[in-house]
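Here is the naming used below: chain letters follow the sequence lines, and residue numbers restart at 1 for every chain.
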2 protein chains.
Amino acid sequence: MKKARANSTLSDVAKAAGVSASTASRALNGLAQKYRISEATEQLVKQSAERLGFRPSQVARSLRLQRTGLLGIVVPDLSNPFFSAIAREVTVAAGEEGFSAIIADSDGSVEKERELIEQMEARNVESLVVCPIGLDFAHLEAAASRGLPLVTVDRCQANSSLVQVTSDHLTGAHQAIELLIENGHQRIGILQGLHGTLPSERRLKGVREALAVAGIDYDQKLVAGDSFTQESGYCSARQLLTESPDLTALFAMSTPNAFGAFRAASELGRKIPENLSLICFDDVAFVEFMQVPLTTIAQNVPELGRRAALLATEQMQSGKSPRTKMHKVPIKLIQRASVGKVPPL
Amino acid sequence: MKKARANSTLSDVAKAAGVSASTASRALNGLAQKYRISEATEQLVKQSAERLGFRPSQVARSLRLQRTGLLGIVVPDLSNPFFSAIAREVTVAAGEEGFSAIIADSDGSVEKERELIEQMEARNVESLVVCPIGLDFAHLEAAASRGLPLVTVDRCQANSSLVQVTSDHLTGAHQAIELLIENGHQRIGILQGLHGTLPSERRLKGVREALAVAGIDYDQKLVAGDSFTQESGYCSARQLLTESPDLTALFAMSTPNAFGAFRAASELGRKIPENLSLICFDDVAFVEFMQVPLTTIAQNVPELGRRAALLATEQMQSGKSPRTKMHKVPIKLIQRASVGKVPPL
DNA sequence: CTGAAAGCGCTAACAC
DNA sequence: GTGTTAGCGCTTTCAG
């Protein structure tokens with residue numbers, strides 16, 4: 001490998017051009033006009049910079065300007081398509097606003113989330129987008145009250161003063177159940193996500209509302225599960241389908257939940273959609289290429305990310321928190337093949 | 001929002017403790033022993049720091065130490081599970097080595113990739129992991145020769161002096177074809193990825209080798225496609241299946257390709273695996289929850305990421321490039337349900 | 001039109 | 001044991 005020649009500095013450029021560092025700085029930062037630097041000098045400086053392959057040190061710049069141009073992202077699992085899609089939107093939106101994104105994976109641990117946020121603060125990120133692991137928000141509130149523009153995405157909290165962006169879970173669940181009912185389903189099993197998280201709670205509320213409208217009793221026996229994972233979906237679907245064989249439909253609160261349900265159903269000899277309907281929240285690209293394409297309540301994931309990034313950068317630029325704290329993004333029911341009419345008995 | 005109170009600085013802490021900045025710095029950096037700072041002073045400093053909520057500025061530190069502790073990651077599409085899985089491993093491995101990861105999405109554009117790498121260099125990342133878009137490596141070579149420890153993942157280049165980590169594509173493709181042949185398939189369609197990329201070329205070579213071993217002629221007519229996308233898979237599968245209806249198996253070079261093939265097959269009335277076998281490269285979590293679980297050549301994606309991160313950080317710490325440039329990580333054939341015996345005619 | 005000097009927050013060599 | 005000083009690379013008053 002070639003010798004790691006240190007990048008040349010501004011004063012190198014200045015020296016090469018035979019001017020002072022200040023002049024060089026001004027010429028390179030497009031302030032020639034303002035300072036009425038002679039055309040000749042300006043060109044000379046620019047050429048020297050070019051020739052030396054000068055790249056200004058962002059570190060020095062950050063220190064001087066007290067602006068890092070860094071935006072932090074913390075997600076619970078970057079290998080989960082839902083979160084990586086959010087991360088993607090945030091990074092590109094940040095990039096468009098002139099920021100670089102620094103990312104970290106909390107691996108589903110509140111403790112790690114806390115540490116990572118500490119680290120990011122130490123790095124002087126100018127704002128932070130976090131998809132919280134979901135239960136404890138104290139450290140987030142703390143960071144925000146320290147003046148760090150922070151926005152949470154997805155797993156929000158109802159009674160929080162944080163800026164939050166999440167889907168319209170209630171309406172989504174309501175529509176899901178409505179669709180099932182329209183198709184004649186009366187006995188509907190619910191595969192629940194992590195208790196205590198807003199998405200899970202709101203979706204459950206949506207379920208109850210839709211059931212109430214249709215005059216169907218909400219049966220606690222028909223809801224199971226406590227995590228958005230595939231394993232949880234599998235176990236609870238198995239349990240529900242075994243204990244209540246008269247179920248004709250399943251509402252899964254996440255795609256992994258739905259995958260689990262799929263497996264359980266096939267093990268128990270139920271065919272989707274022939275004698276079991278399945279609808280789920282979240283819509284990942286793959287879902288449509290399953291042999292039985294899933295009918296889903298699609299969250300507008302890119303929009304979640306984009307909005308979060310925008311709220312974060314705005315907040316940072318204006319220096320004040322937006323009036324609206326809770327930002328709901330609409331969901332969309334996508335009908336594919338996994339919901340069928342209840343078979344006439 | 002509360003007033004954005006600037007974080008307190010080292011000299012604030014020093015003042016509060018009634019000592020000089022140097023002493024404070026030493027006490028806080030665990031150098032008390034080395035400098036024989038009195039127990040009392042040390043505690044005093046630490047308490048003051050605690051009380052003021054002092055968090056050392058990484059920016060100032062970076063400038064002084066000429067070390068940012070930053071590792072850059074550039075991927076073509078963070079919403080693609082393959083790349084996000086790599087990104088995840090890189091960020092966590094980096095974290096374990098005490099680095100923060102700064103990430104960017106090149107959105108499949110070489111131009112953008114070039115710009116992003118520039119930006120990262122300006123931010124003084126200490127090393128860089130890039131999943132190149134695949135064709136032009138000049139800017140990567142340039143960055144590396146400037147002394148930046150850089151490692152490329154996945155789409156590598158055969159005759160490059162860069163440090164690269166990629167799967168054993170040749171063996172993988174060889175095994176895929178072998179499996180098909182063992183199952184009686186003789187007419188095998190190939191759904192190809194982006195031409196000119198090492199993964200695609202090596203896999204094609206593997207195909208030819210396996211075919212040769214079995215004494216089957218390589219038929220140029222049976223290979224189609226020019227991208228790892230789902231659309232490409234769909235179009236080329238349709239084309240192949242239409243022009244050569246005697247095909248009994250398809251080898252797809254990516255999961256998206258396979259999804260496309262799935263759709264094409266079902267539109268053309270072919271059933272997998274009954275009268276069409278399908279095997280594909282890459283193994284994403286979903287693949288096993290498809291109603292017909294896909295038989296795949298699984299890349300060890302986490303390992304790709306981990307190795308890359310390690311090579312990057314090692315290189316940076318030792319200051320020299322590793323002897324081995326090309327790092328191949330083994331693949332694994334995972335048999336599921338999408339490959340069947342060729343039906344006796 | 002340009003330069004000198006100060007300083008962002010930190011650490012380390014060199015005093016004493 | 002602890003303080004003083006210099007300086008990382010940059011921008012920006014303030015002078016001229």
Contact residues, residues 10-31 of chain B to DNA chain C [heavy atom, < 4.0 Å]
B/Leu10, B/Ser22, B/Ser25, B/Arg26, B/Asn29
Just one of A/Glu314, A/Met326, A/Gln315 clears the side chain to side chain contact (heavy atoms under 4.5 Å, CB included) bar with A/Val163, so which one?
A/Gln315
Using whole Å, report how far CD of B/Glu42 lies from P of D/dT2.
10 Å
Bend angle of the helix from C/dC1-D/dG16 to C/dC16-D/dG1 from five-pair axes at both ends, rounded to 10°?
50°
Would you kindly compare A/Arg55 and B/Ile37 by the position of their nearest DNA chain D nucleotide and give the one closer to the 5′ end?
B/Ile37
Starting from the C-alpha separation in whole Å, work towards a yes-or-no answer on salt bridge (Lys or Arg N to Asp or Glu O under 4.0 Å) for B/Arg114 and B/Glu118.
CA-CA 6 Å; B/Arg114 192 192 322 273; B/Glu118 280 283 325; over 6 Å; no
For A/Tyr35 and for B/Arg36, locate the closest nucleotide of DNA chain D by heavy-atom distance; then report the residue assigned to the nucleotide nearer the 5' terminus.
B/Arg36
So NZ of B/Lys328 and OG1 of B/Thr166: to nearest 0.5 Å the spacing works out to 9.0 Å
Round to the nearest Å and state the distance from B/Lys34 atom NZ to C/dT11 atom C1'.
11 Å
Mind checking A/Thr41 for me? I need base, sugar-phosphate or nothing, with any heavy atom below 4.0 Å counting as a touch.
sugar-phosphate
Indicate the atoms forming the closest heavy-atom contact of B/Leu194 with B/Ile133, along with that distance.
CD2-O, 4.1 Å
Distance from A/Gln43 atom CD to A/Ile37 atom CD1, nearest 0.5 Å?
11.5 Å
If I take atom CD in residue B/Gln58 and atom P in nucleotide C/dC8, what distance separates them, rounded to the nearest angstrom?
19 Å
If only side-chain N and O atoms of B/Ser38 are considered, is one of them under 4.0 Å from the OP1 or OP2 phosphate oxygen of D/dT2?
yes
Verify whether one side chain among A/Asp107 and A/Ser109 offers a donor that lies under 3.5 Å from an acceptor in the other.
no
Nucleotide N/O of nucleotides 6-8 of chain D paired with protein N/O under 3.5 Å:
{"from": "D/dG7", "atom 1": "N2", "to": "B/Arg64", "atom 2": "NH1", "distance (Å)": "3.1"}
{"from": "D/dC8", "atom 1": "O3'", "to": "B/Gln66", "atom 2": "NE2", "distance (Å)": "3.3"}
{"from": "D/dC8", "atom 1": "O2", "to": "B/Arg64", "atom 2": "N", "distance (Å)": "3.3"}

